[in-house]
2 protein chains.
Amino acid sequence: MSKKISESAVRRLSLYLRTLEELDRAGHEAVSSEQLAARSATTAAQVRKDLSVFGSFGKRGFGYTVEELGRALRGILGLTQPWRVALIGAGRIGSALFEYTGFARRGFQIVAVFDSDPAKIGRKWGDSIIHDVAKLERVVSDKDIQIAILAVPVEAVQGVMDQASRAGVRGVLNFAPVRLKVPEGVTVKDVNLVIDLESLTFALSQGF
Amino acid sequence: MSKKISESAVRRLSLYLRTLEELDRAGHEAVSSEQLAARSATTAAQVRKDLSVFGSFGKRGFGYTVEELGRALRGILGLTQPWRVALIGAGRIGSALFEYTGFARRGFQIVAVFDSDPAKIGRKWGDSIIHDVAKLERVVSDKDIQIAILAVPVEAVQGVMDQASRAGVRGVLNFAPVRLKVPEGVTVKDVNLVIDLESLTFALSQGF
DNA sequence: TTGTGTGAATCCCTTCACAGCG
DNA sequence: CGCTGTGAAGGGATTCACACAA
């Protein structure tokens with residue numbers, strides 16, 4: 001039962017959910033597609049189209065119930081279950097991600113941390129011990145981890161990816177600047193800040 | 001003289017450049033659109049279309065000269081000059097970004113770091129002193145900084161953004177999860193890892 | 001012959017506009 | 001009434017296919 005939905009549509013759903021949560025905290029009970037759009041940097045028609053793919057969540061002449069639509073979106077985005085995440089790479093990026101509270105708030109629990117540096121292995125980060133990356137497969141399957149964040153150097157990342165997918169990881173957030181080869185059924189999202197900066201300098205250079 | 005080019009097209013140009021640099025290091029002198037596409041996860045036609053917007057860089061029956069096309073792309077992306085960058089926020093994310101060597105390698109120089117925490121102000125990071133964010137406007141204009149990376153808490157980010165744009169910053173990489181209001185002529189790129197993770201969980205939930 | 005550059009065709013996403021429900 | 005849900009129209013972006021240059 002897989003819906004064909006564009007990447008950008010999914011990102012918009014995410015934004016709607018964030019907006020709804022803000023509205024909820026602010027005490028709003030209802031919201032129109034118009035209002036939701038204005039606060040999510042899109043159009044009313046786009047909001048309605050995006051939602052219509054998954055069902056009818058509004059009442060005509062009224063709008064959407066904030067609480068109800070929020071619950072629906074969490075369901076659509078797969079956020080009703082907490083997700084068990086492995087953080088692979090305990091360097092600068094790994095450390096920043098580990099400390100970041102925004103993940104936990106959304107139900108992403110970092111339940112294991114790995115590194116290959118003997119000086120780091122065995123150290124404690126919060127409640128977690130940094131594991132030897134050699135034990136990746138065992139720990140990932142023991143702890144039933146579904147998502148891995150790869151914050152390792154580019155030379156190491158494909159090897160780590162292979163282990164992770166063998167251990168049953170199905171989703172990956174990859175910080176290394178390479179296109180990973182993955183088996184069918186594994187989804188990768190690349191994060192590449194240099195590309196973001198370059199799209200910025202492109203815009204700046206075109207400005208004159 | 002501004003070309004209307006989609007965000008995703010620019011990201012592809014960035015990828016082509018990276019691929020070309022790899023080919024260059026591997027000693028390749030020429031490359032076809034076919035080869036470039038295969039290594040950049042797109043199609044030959046797409047490569048040719050993307051490039052055709054900016055000129056004719058290839059030779060028929062031959063392909064593209066790696067060195068030449070690389071130079072052209074660096075020009076298009078605005079990477080022939082080094083860019084002076086301010087890092088605002090010396091917390092976990094800021095620290096990870098400061099240490100990241102990938103920026104410097106592409107000509108992005110972090111020439112000033114700011115924070116509002118008195119315990120951090122005055123400390124040295126590498127060759128830089130952490131400045132009081134209150135001095136943002138002066139330092140940014142003195143050092144002729146064009147780009148700011150905003151790694152500050154969500155409550156503070158709009159205020160910092162306002163100061164930065166008053167000081168002449170024209171491009172911003174924003175890590176806070178809010179849509180910034182900016183004056184005409186300022187470009188913002190948002191980085192939001194929670195959204196990336198949510199597009200991952202969406203894909204995983206759809207999988208069954 | 002090979003592989004680019006590019007109009008034409010296609011596909012997909014966004015916007016329009018309105019019927020119809022609450 | 002007011003605002004959703006949705007077919008139809010419109011606009012971009014991708015892919016096709018081929019004339020043509022090296």
Side-chain angles (χ1 to χ4, degrees), chain A residues 2-16 19-20 23 28-73 76 195 199 202-203 206, chain B residues 2-16 19-20 23 28-73 76 195 199 202-203 206:
Chain A
S2 90
K3 311 259 181 191
K4 47 168 175 22
I5 275 285
S6 71
E7 174 64 22
S8 49
V10 176
R11 301 184 75 89
R12 283 195 304 269
L13 294 178
S14 245
L15 287 174
Y16 301 156
T19 301
L20 286 168
L23 289 169
H28 291 68
E29 300 199 341
V31 65
S32 68
S33 57
E34 195 72 57
Q35 298 167 313
L36 196 47
R39 289 168 153 272
S40 311
T42 182
T43 66
Q46 184 71 75
V47 168
R48 297 201 299 274
K49 252 291 186 286
D50 286 340
L51 297 177
S52 75
V53 178
F54 300 97
S56 304
F57 306 105
K59 296 190 233 324
R60 293 169 193 234
F62 170 82
Y64 304 87
T65 305
V66 169
E67 216 267 307
E68 226 170 73
L69 183 57
R71 192 166 37 235
L73 282 176
I76 292 165
I195 291 185
S199 72
F202 172 79
Q206 295 294 308
Chain B
S2 88
K3 311 259 183 193
K4 46 168 176 25
I5 276 284
S6 71
E7 174 65 22
S8 49
V10 176
R11 300 184 75 88
R12 284 196 302 270
L13 294 178
S14 243
L15 286 174
Y16 301 156
T19 302
L20 286 168
L23 289 169
H28 290 68
E29 301 198 341
V31 65
S32 67
S33 57
E34 195 72 58
Q35 298 166 312
L36 197 46
R39 288 169 152 273
S40 312
T42 181
T43 66
Q46 186 71 75
V47 168
R48 298 201 298 275
K49 253 291 186 286
D50 287 340
L51 296 177
S52 75
V53 178
F54 300 98
S56 303
F57 305 105
K59 297 189 232 325
R60 292 170 193 235
F62 170 82
Y64 304 87
T65 305
V66 169
E67 217 267 308
E68 226 169 72
L69 184 56
R71 193 166 38 236
L73 283 176
I76 292 165
I195 291 186
S199 71
F202 172 79
Q206 295 293 310

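Proteins come first, then strands; the chains are lettered A, B, ... in the order of their sequence lines, and each starts at number 1. Keep in mind it's a predicted model, so treat the numbers as computed, not measured.
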Problem set entry | Residue A:S8, side-chain atoms from C-beta onward, closest of C:dT4, C:dT14, D:dT15 |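 It is C:dT14.
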
Seminar exercise, completed: Out of D:dA13, D:dT4, C:dG3, minimum distance to the side chain of B:S32 belongs to C:dG3

Value in whole Å for how far the [atom2] atom of [N] lies from [atom1] of [X]:
| X | N | atom1 | atom2 | value |
| --- | --- | --- | --- | --- |
| B:L13 | D:dA13 | CG | C1' | 14 Å |
| A:R12 | C:dC12 | CZ | P | 16 Å |
| A:Q35 | D:dG2 | CD | P | 14 Å |
| B:K59 | D:dC20 | NZ | C1' | 17 Å |
| A:F54 | D:dT4 | CZ | C1' | 18 Å |
| B:D50 | D:dT14 | CG | P | 7 Å |
| B:E34 | C:dT4 | CD | C1' | 12 Å |
| A:E68 | D:dT4 | CD | P | 14 Å |

Hey, what are the protein-to-nucleotides 17-19 of chain D N/O distances that come in under 3.5 Å?
| residue | atom | partner | partner atom | Å |
| --- | --- | --- | --- | --- |
| D:dA17 | N6 | B:R48 | NH2 | 3.2 |

Exercise. Which residue lies toward the 5' end of DNA chain C, B:G55 or A:G61, if each is placed at its nearest nucleotide?
Worked result: B:G55

Exercise. Among all residues two or more places apart in sequence or in another chain, which pass the side-chain hydrogen bond (donor to acceptor under 3.5 Å, both in side chains) test with B:R71?
Worked result: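 By the side-chain hydrogen bond (donor to acceptor under 3.5 Å, both in side chains) rule, B:R71 matches B:E67.
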
Exercise. Looking at residues at least two apart in the chain, or sitting in another chain, which of them share a side-chain hydrogen bond (donor to acceptor under 3.5 Å, both in side chains) with B:S8?
Worked result: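 B:S8: side-chain hydrogen bond (donor to acceptor under 3.5 Å, both in side chains) contacts with B:S6.
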
For this session: With DNA chain D as reference, determine whether B:Q46 or A:S33 sits nearer its 5' end, using the nearest nucleotide of each.
Result: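 Comparing both residues, the 5'-ward one is A:S33.
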
If I compare all heavy atoms of [X] with all of [Y], which pair ends up nearest, and what's the gap?
| X | Y | result |
| --- | --- | --- |
| A:V66 | A:L20 | CG1-O, 3.4 Å |
| B:F54 | B:L13 | CE1-CD1, 3.8 Å |
| B:I76 | A:F202 | O-CD1, 3.3 Å |
| A:F57 | A:L51 | CE1-O, 3.6 Å |

Is there any protein nitrogen or oxygen under 3.5 Å from a nitrogen or oxygen in nucleotides 8-11 of chain D, and what are the pairs?
none

Exercise. When you check the phosphate oxygens OP1 and OP2 of D:dG5, does a side-chain N or O of A:Y64 lie under 4.0 Å from one of them?
Worked result: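 For D:dG5, OP1/OP2 do have a side-chain N/O of A:Y64 under 4.0 Å.
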
For this session: Enter the distance from A:T65:OG1 to A:L69:CG here, rounded to the nearest 0.5 Å.
Result: 8.5 Å

For this session: Could you list all the side-chain hydrogen bond (donor to acceptor under 3.5 Å, both in side chains) pairs where at least one residue sits in residues 49-59 of chain A, not counting sequence neighbours?
Result: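 For residues 49-59 of chain A, and leaving out neighbouring residues, the side-chain hydrogen bond (donor to acceptor under 3.5 Å, both in side chains) pairs sorted by first residue read A:R12-A:D50, A:Y16-A:D50, A:Q46-A:D50.
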
Could you pull out all donor-acceptor pairs under 3.5 Å where a side-chain atom in residues 28-35 of chain B meets a protein atom, sequence neighbours excluded?
| residue | atom | partner | partner atom | Å |
| --- | --- | --- | --- | --- |
| B:S32 | OG | B:E34 | N | 3.4 |
| B:S32 | OG | B:Q35 | N | 3.1 |
| B:S32 | OG | B:Q35 | OE1 | 3.4 |
| B:S33 | OG | B:R48 | NH1 | 3.1 |
| B:Q35 | OE1 | B:S32 | N | 2.8 |

